[in-house]
Amino acid sequence: MRAERCCGVCGGGAARYRCPRCSAPYCSVPCCRAHRERCAPRGEPPAEERATQRGPPVDGSWSVADILTEEDEQDRVPLQKLRLLGESEELRGLLLNPHLRQLLLTIDQAEEKSSLMKKYMQEPLFVEFADCCLRIVEPPEKENILPE
C-alpha cells in the first residue's frame, strides 16, 4: 500500500498528481497552475525563458508528461491504446502512402498545427487516416453497431 502525500501547494488534499519537472505533489488543476507559475528546478531557466524554448531538453530526458499541459491531460491516450496503433495492419497500410506521409511530416514541422489540421481534414486521405486511428484507440460501442 502506498502512503498518500499531501498537496505541496495547498497542503490540503491528497496529492494524486506530480509536477513533471520537479516531482512536487499537487491535488488539483488550480494547485497545478499555481505551482507551474513558480516551478523552476535547479539548473533550469526561469518559467518565462522556458516558455520561449522549443523542443526537448538538450539531454533528451523529456517524457510525454512534460509536453502535456493540464488541459491536454483529459485528451491523453493511454500507452496500451497507443501500442494498438503500432499493431494495426490497416494503419500500416495507410502509412505506406507517400502523400499521407508527407502530410503528416508537414503537420509535425508546422508552427500552426491546428490551422493546418483543419485544412487537412478536407483531404479524404487524411480523414481516412484520422478515422482509422480513432477506431483503434476508441472502438465503437457494441450497442451502437447495427446488426448485419
*Specify the closest pair of heavy atoms between L95 and R101, including all atoms of both residues, with the distance to one decimal.*
O-CD, 2.7 Å

_Interatomic distance, C133 atom SG to L84 atom CG [nearest 0.5 angstrom]_ = 11.5 Å

*Is R92 reaching over with its side chain to a backbone N or O of E87, donor-acceptor style, under 3.5 angstrom?*
no

_Separation of N97 CG from L125 CG (nearest 0.5 Å)_ = 4.5 Å

_Main chain of I136, side chain of K81: is a donor-acceptor contact present, judged purely on distance under 3.5 Å?_
no

_Inter-residue atom distance E90.CD - D131.CG, 0.5 Å rounding_ = 9.5 Å

*Between V137 and L85, is any pair of side-chain heavy atoms under 4.5 Å apart?*
yes

_Enumerate the side-chain hydrogen bond (donor to acceptor under 3.5 Å, both in side chains) contacts for residues 114-125, please, sequence neighbours excluded, ordered by first and then second residue._
H99-E123

*Which pair of non-hydrogen atoms, one from C7 and one from C10, has the smallest distance, and what is that distance?*
SG-N, 3.4 Å

*Looking at side-chain heavy atoms only, is the closest gap between F129 and L104 below 4.5 Å?*
yes

*What closest approach, in Å, do H35 and A24 show between heavy atoms, and which atom pair accounts for it?*
CE1-CB, 3.5 Å

*Determine, using the 4.5 Å side-chain heavy-atom cutoff (strictly less than), whether L105 and M121 are members of one ILVMFWY cluster.*
no

*Report yes if the side chains of Q109 and L116 come closer than 4.5 Å at any heavy-atom pair, otherwise no.*
no

*asked:* Rounded to the nearest 0.5 Å, what separates atom CZ in R135 from atom CD in E138?
replied: 12.5 Å

*asked:* Does E112, at its CD atom, have more than 12 non-hydrogen atoms belonging to other residues, nucleotides or ligands within less than 6.0 Å?
replied: no

*Between CG of L94 and CD of E89, what distance do you get to the nearest 0.5 Å?*
11.5 Å

